[in-house]
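Have a look at the structure below before the remarks.
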Amino acid sequence: MIKYQPSKVEEKSRKKWKYKVDLSRPSDESQGKLGKKFYFLVEFTYPSGDLHMGHWFAFAVPDILARLKRMQGYTVFAPNGFDAFGLPAENAAIRRGIHPKDWTFSNIKRMKEQFSTMGAIYDWEHEVITCEPDFYKWNQWIFLKMYEKGLAYRGKILSNWCPKDQTVLANENVENGKCWRCGTEVVQKEVEQWFLKITEYAEKLLWKEQSIVSGQSTTSTTGLNLKVSDTRDTRTTRGTLEVDWPKSLKESQNNWIGKSEGIIIKFQIPQLRQGFAGRANTKFQIEVFTKFPETIFGVTYMVIAPEHPLVGQLATAEHKKDVEDYIKLSKKKSELERTSLEKQKTGVFTGSHVVNPVNDEKVPVWVADYVIATYGTGAVMGVPGSDLRDFEFAKKFDLPIVRVIGSSKNDQSEVLSDKDVLEEGWLVNSGQFNSLAVPEPAKEKIMDYLVEKGWGKRKVNYHLHDWSISRQRYWGTPIPIIYCDRCGVVPVPEKDLPVLLPYDVDFAPKGKPPLATAEEWVRVKCPNCGEEARRDVETLDTFFDSSWYFLRYLRHIGTNNKKDENLPFARDLAEIWLPVDVYFGGAEHTLGHTLYSRFFVKFLKDIGVLKIDEYAKKRVHHGVILGSDGQRMSKSHGNVVNPDDEVAKYGADAVRMYLAFLGPYDLVAPWDPGGIRGVYHFLERVWKLFDAVAGPVSSFHPASARSSRKSRVGQKDNVELRAVGSPPTAATRNVLTDEDKFWMNKTIKKVGEDIEGIKFNTAVSTMMEWLNYLSGKVHRSSLIVNREGSKVGKSPMNDTRLTIHEYEVFLRLLAPFAPHITEELWEMLHSSPSDVIASEAKQSKKKIATDSSSPRNDNVKWSIHSQPWPEYDERFVKAQTVTLVVQVNGKVRDSLPVEAGISQTEAEKLALASVKVQKFLNTKGPRKVVFVPGRLINLVV
RNA sequence: GGCCCGGUGGUGAAAUUGGUAUACACGCAAGACUUAAAAUCUUGUUGCAGCAAUGCAGUGUGGGUUCGAGUCCCACCCGGGCCACCA
């Protein structure tokens with residue numbers, strides 16, 4: 001047999017594969033009947049130019065699960081596409097003078113070629129490329145639906161602005177005060193733009209407490225139940241979907257949504273009221289939001305944000321200049337300075353006072369930039385006696401401090417240091433509420449009181465902001481809005497969609513959106529009145545595209561079977577295929593993409609086009625592959641490992657397997673050049689083991705195989721396998737020992753369970769263990785052993801004890817991990833020698849000719865990937881003999897080989913008979929015996 | 001400051017969820033084959049003591065629960081991630 005040559009094997013195997021999914025009818029190929037669906041989704045990628053190791057990790061490893069599911073008889077739909085709009089294309093264009101469209105499509109072409117070397121089952125027949133009009137038409141459609149429902153609105157607000165990219169950024173796109181794309185410091189700028197009212201869905205997006213508790217983290221070790229029901233039964237009877245998303249994600253999203261229940265309290269401003277005596281007084285009050293109304297008697301000052309609308313009026317003549325200077329200064333500060341600089345509090349007094357409604361005390365109003373204009377009401381009450389931050393501020397500016405929460409009911413001690421600040425205890429100095437316990441019942445009592453008096457109203461506040469979606473850039477979906485002098489804001493009628501993105505545009509950033517320079521495109525007749533009007537010149541945030549792309553994969557049954565479309569997706573297909581069964585992606589999308597897409601799905605449900613609440617049953621996060629130096633792979637670090645190079649050296653199978661093997665899938669781990677050699681070595685050994693198989697291909701010596709070991713079990717005890725390519729011949733039967741069966745069955749069980757539990761690393765090591773066992777027994781049998789038991793040389797004959805049956809099962813288990821090599825070995829096992837690579841390259845022409853002409857059903861027979869996943873026999877999963885550990889007082893003193901079903905009395909007898917154990921026992925014998933059947937016996941003295 | 005993960009050999013990591021700690025792999029060492037090297041195969045590899053059998057210690061630290069703890073509880077130390085003047 002010739003050497004294992006991955007490149008040769010892989011090229012050949014890949015040519016054989018043709019996996020097509022008929023979306024209209026999930027079928028069980030091997031059974032030829034209506035089957036179960038499995039919608040397998042991986043976050044589509046940005047077409048950045050070349051596939052890097054991260055892409056392999058994200059796409060090639062999950063393919064193991066997809067392939068397992070397929071072998072299990074599911075119709076697996078694994079679509080792929082490109083998140084093709086976005087800034088890098090535009091930046092590359094500006095730098096190199098290539099049009100973003102051309103740049104993007106040439107990258108897509110290149111990446112698809114690279115994708116094909118992965119040996120994954122991704123389906124390109126349903127490909128989604130977001131920059132194609134066919135896709136973004138529906139972006140515009142969804143936008144208009146949201147506009148119609150009042151969820152898309154135009155607003156002017158202080159926003160995150162990236163000076164380099166010349167565009168606004170959503171909160172989620174600001175990382176540490178810097179732009180997520182280019183790292184430039186983000187500044188605050190007032191810009192009018194489009195928002196989506198995601199806040200209206202805040203409550204619905206919140207994960208319920210229960211689902212967090214029951215949710216599993218990605219690394220969870222328990223077997224995740226991926227045994228997905230058939231196409232209809234995807235929801236529980238109550239109509240809510242059981243979702244298995246990482247706990248960390250649910251918690252982060254809930255934190256980000258940041259629900260807090262509190263109260264808005266009104267503080268009157270007497271001096272303003274005096275000045276405008278005749279008017280209604282609602283204007284002359286400041287509202288604050290607080291979660292801690294029980295501390296209201298301790299309010300000694302108030303702080304408003306520099307952007308608060310009443311700042312101008314509150315600043316008295318005496319303080320006007322101070323206040324104006326302060327506001328100017330804080331506006332100049334970038335987001336970074338405002339948040340990451342030392343938390344040294346700054347602020348100025350406005351000269352005005354407000355009145356605390358509960359005790360009529362006048363407290364001073366300050367302006368300080370630690371108060372966020374966009375959260376709550378942009379004003380807070382200062383309670384330095386029971387809030388650390390307020391205490392710090394009061395200390396710095398010498399404001400009075402009153403104790404309202406004491407460590408006892410008559411605690412009147414002064415609050416002198418931060419240690420004296422209490423958040424729980426008993427109310428003191430709080431009028432009729434003294435002596436109430438804090439938080440409860442004090443909080444509820446005071447809230448009721450404030451509401452009853454009309455001074456406050458209960459309020460649920462969310463940290464979540466509305467989502468800013470306009471980008472002042474070119475390479476994105478044009479916003480389908482027209483501005484008419486007569487009619488105002490006019491949505492583009494549905495029949496006029498898509499609003500095409502013009503090709504010829506000056507997209508160099510000049511402080512205004514590039515589309516504004518396409519004069520001809522901008523000028524348009526108003527669809528209402530026919531007058532001259534102008535198009536919106538902004539484009540949609542690309543997160544808009546990715547919020548629903550997974551629905552777009554379900555637009556048609558196949559490329560040659562397109563339907564008339566009146567929705568972004570085909571409704572009947574959505575009903576069959578949704579929800580997604582497993583969704584792989586990066587943890588970095590916890591607060592952006594996955595939250596947005598949940599929002600979209602809930603919206604689409606509300607307008608009646610979708611029936612699901614959550615779009616993915618299970619979400620799995622992947623980790624990050626670092627360079628061998630432990631740093632992020634980057635050109636500047638010089639530590640980039642190019643997957644193409646590794647594939648050339650070791651083959652795609654080895655790269656896939658190493659990525660699966662190096663650790664838990666959500667691990668952040670470096671690429672170890674030695675590590676891939678380890679799995680390559682494993683594959684070589686699998687390849688070589690072919691020669692040791694007793695079967696029609698290699699030299700087979702039934703006499704030696706049979707006589708070498710007596711099988712105590714009859715024919716029927718052999719593991720039954722469904723539809724193996726060729727049935728075990730008489731010669732290969734009966735040669736499996738109990739030990740052989742134990743290894744085979746436990747490996748089948750463990751590998752299947754581990755893949756479903758996203759524990760690819762231990763699945764691989766289990767395969768390795770079985771291989772070690774198999775090659776160990778082959779090795780032993782090929783050695784001539786002399787009378788003293790020492791090895792004196794190799795047998796001249798290739799005398800083996802590896803059955804074709806075992807090898808077949810082995811290959812099928814390995815197939816999802818290493819699809820190419822197993823395909824070739826499978827073929828070698830089941831075809832005449834002349835068809836096989838091992839017999840030189842003659843085969844190729846003839847084989848390919850047959851491939852292209854053979855109908856699809858023929859694939860089933862000759863591809864290992866159409867084979868059923870092996871089943872295991874529970875009887876052989878446990879070993880017949882086990883090692884019984886004998887402990888004395890919990891310390892291991894001996895271990896004995898015993899029958900698995902040994903009784904306690906029997907075990908006790910054996911344990912007491914052990915010399916090693918006796919040393920640790922006194923004459924009286926054990927006081928107590930703990931017996932764990934099949935595992936251990938502990939003698940307590 | 002808040003929330004969430006982790007801490008096990010020289011390294012990446014396993015550990016049937018309370019039952020032999022270090023599977024599997026890398027690395028290293030020795031041996032076989034070879035004129036030699038590479039490749040391959042075999043053996044060893046937690047630490048300490050010992051020729052060995054074996055003994056003792058051992059999963060960040062200190063306590064606790066238990067016949068028995070890497071696993072559960074309490075306190076602390078260290079590392080990582082996300083959010084963050086959130087009222």
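Residue numbers begin at 1 in each chain, while the letters A, B, ... track the order of the sequences. What you see is a predicted model; the values in this text were computed from it and never measured.
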> How would you label the contact of A/Ser895 with the nucleic acid (heavy atoms, under 4.0 Å): base, sugar-phosphate, or nothing?
Replying inline: nothing
>> Under 4.0 Å, counting only non-hydrogen atoms across every strand here, what does A/Asp390 touch: a base, just sugar-phosphate, or nothing?
In response: nothing
Rounded to whole Å, please give me the gap between [atom1] in [X] and [atom2] in [N].
| X | N | atom1 | atom2 | answer |
| --- | --- | --- | --- | --- |
| A/Arg677 | B/C24 | CZ | C1' | 18 Å |
| A/Asp666 | B/G6 | CG | C1' | 11 Å |
| A/Tyr375 | B/C83 | OH | C1' | 13 Å |
| A/Lys750 | B/A14 | NZ | C1' | 9 Å |

Are any of the side-chain nitrogens in [X] or [Y] under 4.0 Å away from the carboxylate oxygens of its partner?
| X | Y | answer |
| --- | --- | --- |
| A/Glu261 | A/Arg458 | no |
| A/Lys457 | A/Glu287 | yes |
| A/Lys688 | A/Glu684 | no |

> Choosing from B/A14, B/A87, B/C67, which nucleotide comes nearest the side chain of A/Phe292?
Replying inline: B/A87
> B/C86 phosphate, OP1 or OP2: any side-chain N/O from A/Lys291 under 4.0 angstrom?
Replying inline: no
>> Classify the ring geometry of A/Tyr4 against A/Trp687: parallel below 30°, tilted from 30° to 60°, perpendicular beyond 60°.
In response: tilted
